[in-house]
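The structure appears right after this line, and notes come after that.
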Amino acid sequence: MTDFETILLERKGRVALITLNRPKALNALNSQVLSDISAALDELENDNEIGAVVLTGSEKAFAAGADIKEMQTKSYMDMFVTDHFGGWDRVAAFRKPLIAAVAGYALGGGCELAMMCDLLLAADTAKFGQPEIKLGVIPGMGGSQRLTRAVGKAKAMDLILTGRNMGAEEAERAGLVSRIVPAAELVATAMEVAETIASMSLPSVMIAKEAVDRSFETTLTEGLRFERRVFHSLFATDDQKEGMTAFVEKRPANFTNK
Ligand code: CO8
């Protein structure tokens, strides 16, 4: 198990829990956090024992945004040449299910990081927002694109242009959040959801994730064709035989992830 400076990584059976751990900065996302999360995801993606990952923060903040102090004095060329924040694409490219468990502030880059995950569970204390406009900039880690796809133009414009926060209930109504849970039960619930997912056949879970993600990138006709092809491909797995045989034999399936 690797030690990290700004995150904690724990494993429980087939599920891993990544906890953002910069409490003094409300988990603001600096280059070290990016480097730690990327290394953890590389490790977990290559680990056949891991079937799903939960990403969480603290009770007060999932993450209060990109680290403003790190960006404050940078020039356009500094940002451009280093492709500042380009590295966060690693999170969206993670091939196994990633569940964001959000309590407290998920602002700016924090909200964008949560939206890079596949499923977003919110504590009743969660507050989402894209306040970058108040800093004289705009969302830069996907907020203008992913928030708009998640909640539609009207609410995305409202949040991005005014910089106001949205509570958990509004976020659920708007379709950003899949479930709201009491804050004290947030991580346990997210771990249960992850365990359920990790108990399925890993190839089918990874292909299901890829198929849903494809719907954001393509036309309906192409998306349906992609779904059918990858659906067919699952008939090459031992787990399809096991899953369907177990149903017919009225017993639980015992997947081997092959
Ligand atoms: N960056 C750096 N430090 C932060 C951040 C942040 N985003 N958020 C909080 N902190 C620090 C504070 O500076 C403070 O540090 P210190 O004790 O040294 O003064 C500590 O965390 C605690 O914060 P507060 O005292 O402010 O705590 P409060 O409970 O009073 O307030 C808030 C909590 C409301 C969350 C408040 O901290 C806040 O407004 N934070 C900033 C929120 C924000 O604007 N986020 C957006 C950041 S910009 C961004 O994410 C852009 C992403 C895309 C850029 C793309 C570029 C290519």
Side-chain angles (χ1 to χ4, degrees), residues 4-8 18-38 41 55-94 98 100-117 120 122-151 155-171 174 176-177 180 183 186:
F4 298 98
E5 217 178 287
T6 63
I7 62 171
L8 305 172
I18 298 176
T19 307
L20 299 167
N21 189 30
R22 283 191 80 203
K24 288 187 184 144
L26 300 184
N27 292 330
L29 305 169
N30 64 6
S31 334
Q32 189 60 46
V33 179
L34 170 58
S35 151
D36 287 348
I37 289 188
S38 300
L41 293 180
L55 176 62
T56 196
S58 68
E59 260 174 52
K60 180 164 182 191
F62 176 75
D67 192 313
I68 299 169
K69 292 166 189 165
E70 196 178 58
M71 289 185 288
Q72 184 190 358
T73 58
K74 294 223 193 275
S75 69
Y76 167 64
M77 272 306 144
D78 296 332
M79 299 299 269
F80 173 71
V81 168
T82 58
D83 191 21
H84 201 85
F85 284 132
W88 286 99
D89 291 347
R90 172 68 188 99
V91 179
F94 187 61
L98 193 51
V102 175
Y105 296 111
L107 302 181
C111 185
E112 292 168 305
L113 175 59
M115 291 191 294
M116 286 176 207
C117 298
L120 213 162
D124 43 16
T125 59
K127 287 178 262 311
F128 300 90
Q130 298 289 163
E132 291 91 341
I133 204 80
K134 298 194 229 168
L135 300 169
V137 291
I138 67 163
M141 276 168 60
S144 65
Q145 306 302 301
R146 291 200 176 93
L147 185 65
T148 309
R149 280 167 167 78
V151 305
K155 207 168 275 288
M157 284 289 192
D158 182 353
L159 292 164
I160 290 170
L161 296 181
T162 69
R164 78 171 174 90
N165 292 348
M166 162 168 83
E169 279 186 17
E170 184 180 356
L176 180 66
V177 158
I180 302 179
L186 175 70

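Basis for what follows: all heavy atoms, side chains included, without hydrogens, waters or symmetry-related copies. Start at 1 and go down the list; that is how both ligands and their atoms are numbered.
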Contact residues of ligand 1 (heavy atom under 4.0 Å), by chain and number: Lys24, Ala25, Leu26, Ala28, Lys60, Ala64, Gly65, Ala66, Asp67, Ile68, Lys69, Met79, His84, Phe85, Tyr105, Leu107, Gly108, Gly109, Glu112, Pro131, Glu132, Leu135, Gly140, Met141
Salt bridge check: are Lys127 and Glu170 linked by an N-O gap of less than 4.0 Å? no
Could you walk me through whether Thr125 and Glu59 pass the side-chain hydrogen bond (donor to acceptor under 3.5 Å, both in side chains) check? CA-CA 8 Å; Thr125 59; Glu59 260 174 52; over 6 Å; no
Please enumerate all residues that pass salt bridge (charged side-chain N to carboxylate O under 4.0 Å, His left out) together with Arg22, with sequence neighbours excluded. Asp67
According to the interplanar angle, ranging from 0 to 90°, do the rings of Trp88 and Phe85 count as parallel (below 30°), tilted (30 to 60°) or perpendicular (above 60°)? tilted
Results of side chain to side chain donor-acceptor pair (under 3.5 Å) for Asp78 - residues two or more places apart only: Ser75
Partner set under salt bridge (charged side-chain N to carboxylate O under 4.0 Å, His left out) for Arg149, not counting sequence neighbours: none
